[in-house]
Amino acid sequence: MFLGLDLGTSGLRALLLRPDGSVVGASDSAYEVSHPNPGWSEQNPNDWITGCRSALAELRQQHPSEYAQVLAIGVSGQMHGAVVLGANDAPLRPCILWNDTRSHVEAERLNALPDVPELSGNIVFPGFTAPKLVWLAANEPDVFASTHKVLLPKGYLVHWLTGRHICGLSDAAGTSWLDTRRREWSQYLLDASGMRLDQMPDLVEGNEVVGAVRGAVADELGLSRDVKVVGGAGDNAAAACGVGAIREGDGFVSLGTSGVLLAARDGFAPSPDSAVHTFCHAFPKAWYQMGVILAATDSLNWLSRVTGQTAADLAGGLGDKIGPPGDIRFLPYLSGERTPHNDSHVRGAFIGLDISAGPTELAQAVMEGVAFALRDNFEALKSTGAQLDRILAIGGGSQSRYWVEVIATVLGQPINLPQSGEFGAALGAARLAMAGATGASVADVMTPTPVAESILPRADLQSAYEDAWAKFAASYSPIRSLQ
């Protein structure tokens, strides 16, 4: 059996996989995020360990015989977070998470340095790891001076399991310290943020065996001491492995808290100016690119709080089939925006509100606004040479057929809906464990998710949605100028 762990922002998911790729079962645990100041987002790393213990205890109780046969573990996790460890390997402070924007000034300074975006393949976003350490140097100098190692969130979980300091390459590509083409730490990028090479963890591929679970931890978790742990992957790279998006032309659209449009790449083709993320994939000699919007289902959840209606009721009020675009335009920049604007200060807006508008009209505007923002991402991806021949819809928002049809029509691309079952980051982590422990090829293990239905663009409405997207795209600059 193979175990996949997905260390998310709000909780950890554990998934048990058979050798034939079918799922035995899964369990979840939750933990909190703290926001001590506006724009700050932090988490206690030890809560992840507690969450892992809890999820594995439940899985062990539910499936004792299969759990006892675990051969290897893969770990997926939230990217970009900064876990700073002292000489005794204990965290010196809470982890600064991916959605923390306190280091926006430091990010701008790093990004303006010669060759920084070119070497890393990416704009230095405020959420990335390097600017967080520059912020620490200026604001918490004692912590910075005591920093022995910097780990990413899932790296901390792997350290607890194995005792090693490692970083999967798909994670490392989101730090602004990695030469993403060469897949190695860049001394120049480290120097730019005042870091040393000895503070960096060892780099590993996602399907590379890191080591065995430490004896005491294996005993506590009820695992054999021979269980191997592989390098694992950042959440989106792991999700791509989970749905089989591993070749040029494969990709997915994820409608979660944030929105992601991801394209697998056979080569390295960065375009930092587009604000497209160009990262190492979870296995050798492969990369992926993605556009990211910061508020996808978060936009609908916000409207839910405002109107007092559940997100499901708001979406359900629109039915399953789309009509022409609405007259109200929504800019989903509730937390700023990444692709294509790289703007942590911009905020959202409704344009064209009418006295007759109610929750249904606002819900339609929100769904269309998210779809238009994903179209911005699609255009940015195309500018890098990426192609998306096969797009799978995943995430909670993909349960709305209406929303998926809007996106298909706005992108002008069919969107596939997966068959019911497990897929995504935890499955991808378990697949990486299988490939690493058995030596099986990536292509044999990372098979595509079976498709239940393909949602086609509405040809009769594409022209109307094209015009509506053009108005949406033209709205960013004037709204930004007023803020």
Side-chain angles (χ1 to χ4, degrees), residues 75 77-87 89 92 95-96 98 103 106-107 109-137 144-159 162-211 229-234 236-237 267-268 270 272 277-289:
V75 184
Q78 50 172 298
M79 295 179 67
H80 314 309
V83 184
V84 290
L85 304 182
D89 281 340
L92 297 170
C95 173
I96 306 176
W98 62 274
S103 59
E106 290 78 7
R109 289 174 182 166
L110 287 175
N111 198 61
L113 295 175
D115 300 326
V116 167
E118 289 73 22
L119 271 173
S120 70
N122 296 277
I123 287 175
V124 183
F125 291 94
F128 281 15
T129 319
K132 294 177 170 68
L133 270 293
V134 178
W135 184 92
L136 280 177
F144 183 81
S146 300
T147 298
H148 176 65
K149 290 287 183 183
V150 180
L151 297 181
L152 279 290
K154 79 168 185 60
Y156 185 73
L157 191 57
V158 172
H159 177 262
T162 68
R164 282 194 62 186
H165 303 108
I166 66 98
C167 186
L169 279 155
S170 62
D171 265 320
T175 62
S176 294
W177 290 322
L178 189 78
D179 183 328
T180 307
R181 181 189 300 275
R182 296 179 180 272
R183 302 170 91 91
E184 62 186 33
W185 296 124
S186 164
Q187 188 63 58
Y188 176 82
L189 293 175
L190 291 171
D191 290 342
S193 55
M195 301 300 294
R196 305 186 310 270
L197 187 59
D198 65 273
Q199 293 173 305
M200 296 296 107
D202 297 332
L203 291 169
V204 295
E205 296 286 357
N207 58 343
E208 181 180 337
V209 174
V210 172
V229 179
V230 301
N236 284 300
F268 182 67
H277 299 54
T278 303
F279 293 157
C280 300
H281 214 319
F283 44 88
K285 299 180 181 179
W287 291 262
Y288 70 94
Q289 290 181 301

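- Using a 4.5 Å heavy-atom threshold, the side chains of Ser103 and Val134 count as separate.
- Taking OG1 from Thr129 and CG from Leu151, the interatomic distance works out to 10.5 Å, rounded to the nearest 0.5 Å.
- Under the 4.5 Å side-chain criterion, counting only non-hydrogen atoms from C-beta, Leu189 is not in contact with Thr175.
- Contact of the His159 side chain with the Val83 side chain is not registered, since no non-hydrogen atoms from C-beta on lie closer than 4.5 Å.
- Nearest heavy atoms, Ala192 versus Leu110: O-CD2, 3.4 Å.
- Residues that satisfy the side-chain hydrogen bond (donor to acceptor under 3.5 Å, both in side chains) test with Arg182, not counting sequence neighbours, are absent from this structure.
- A donor-acceptor distance shorter than 3.5 angstrom exists from the side chain of Asn122 to the backbone of Ser120, with no hydrogens or angles considered.
- Heavy-atom minimum distance, Pro126 versus Pro131: O-CG, 4.1 Å.
- The main-chain N or O of Ala282 is never found under 3.5 Å from a side-chain atom of Ser170 such that the two would form a donor-acceptor pair.
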Original post:
Should Leu133 and Gln199 be marked as a side-chain contact (heavy atoms from CB on, under 4.5 Å) after you check the CA-CA gap, both sets of side-chain angles, and the distance that decides it?
Top reply: CA-CA 12 Å; Leu133 270 293; Gln199 293 173 305; over 6 Å; no
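- Not one N or O on the side chain of Lys149 forms a donor-acceptor pair closer than 3.5 Å with the backbone of Ala87.
- Summarising the geometry of Val210 relative to Ile166, their closest heavy-atom pair is CG1-CG2, 3.8 Å, with the distance given to 0.1 Å.
- Judged purely by atom type and a 3.5 angstrom limit, Gln78 has no side-chain atom pairing as donor or acceptor with the backbone of Trp98.
- Residue pairs meeting the salt bridge (Lys or Arg N to Asp or Glu O under 4.0 Å) criterion with at least one partner in residues 115-135, sequence neighbours excluded, are absent.
- Using modelled atom types, one side-chain atom of Asn111 and one backbone atom of Val124 make a donor-acceptor pair closer than 3.5 Å.
- Among residues two or more places apart in sequence or in another chain, the salt bridge (charged side-chain N to carboxylate O under 4.0 Å, His left out) test is passed with Glu205 by Arg183.
- Scanning for side-chain hydrogen bond (donor to acceptor under 3.5 Å, both in side chains) contacts around Thr278 gives Gln289, with sequence neighbours left out.
- Partners of Tyr156 according to the side-chain hydrogen bond (donor to acceptor under 3.5 Å, both in side chains) rule, which considers only residues two or more places apart in sequence or in another chain, are Asn46.
- Contact annotation: the side chain of Phe279 never approaches that of Asp171 to less than 4.5 Å [non-hydrogen atoms, C-beta and beyond].
- Contacts of Arg164 classified as salt bridge (charged side-chain N to carboxylate O under 4.0 Å, His left out), with partners at least two apart in sequence or in another chain: Asp202.
- Pairing each heavy atom of Tyr288 with each of Ala237, the nearest pair is CE2-CB, 3.6 Å.
- Between the side chain of Trp287 and the main chain of Thr180, a donor-acceptor pair closer than 3.5 Å is present.
- The side-chain heavy atoms of Cys280 and Leu178, taken from C-beta on, include a pair separated by under 4.5 Å.
- Side-chain contact check for Trp177 versus Val150: some heavy-atom pair is nearer than 4.5 Å.
- At least one side-chain heavy atom of Leu119 sits under 4.5 Å from a side-chain heavy atom of Ser186.
- Within the 4.5 Å cutoff, the side chain of Leu203 has heavy atoms near those of the Leu169 side chain.
- For Phe125 and His80, the gap between ring centers reaches or exceeds 6.0 Å.
- A side-chain donor-acceptor contact under 3.5 Å links Trp185 to the backbone of Pro201.
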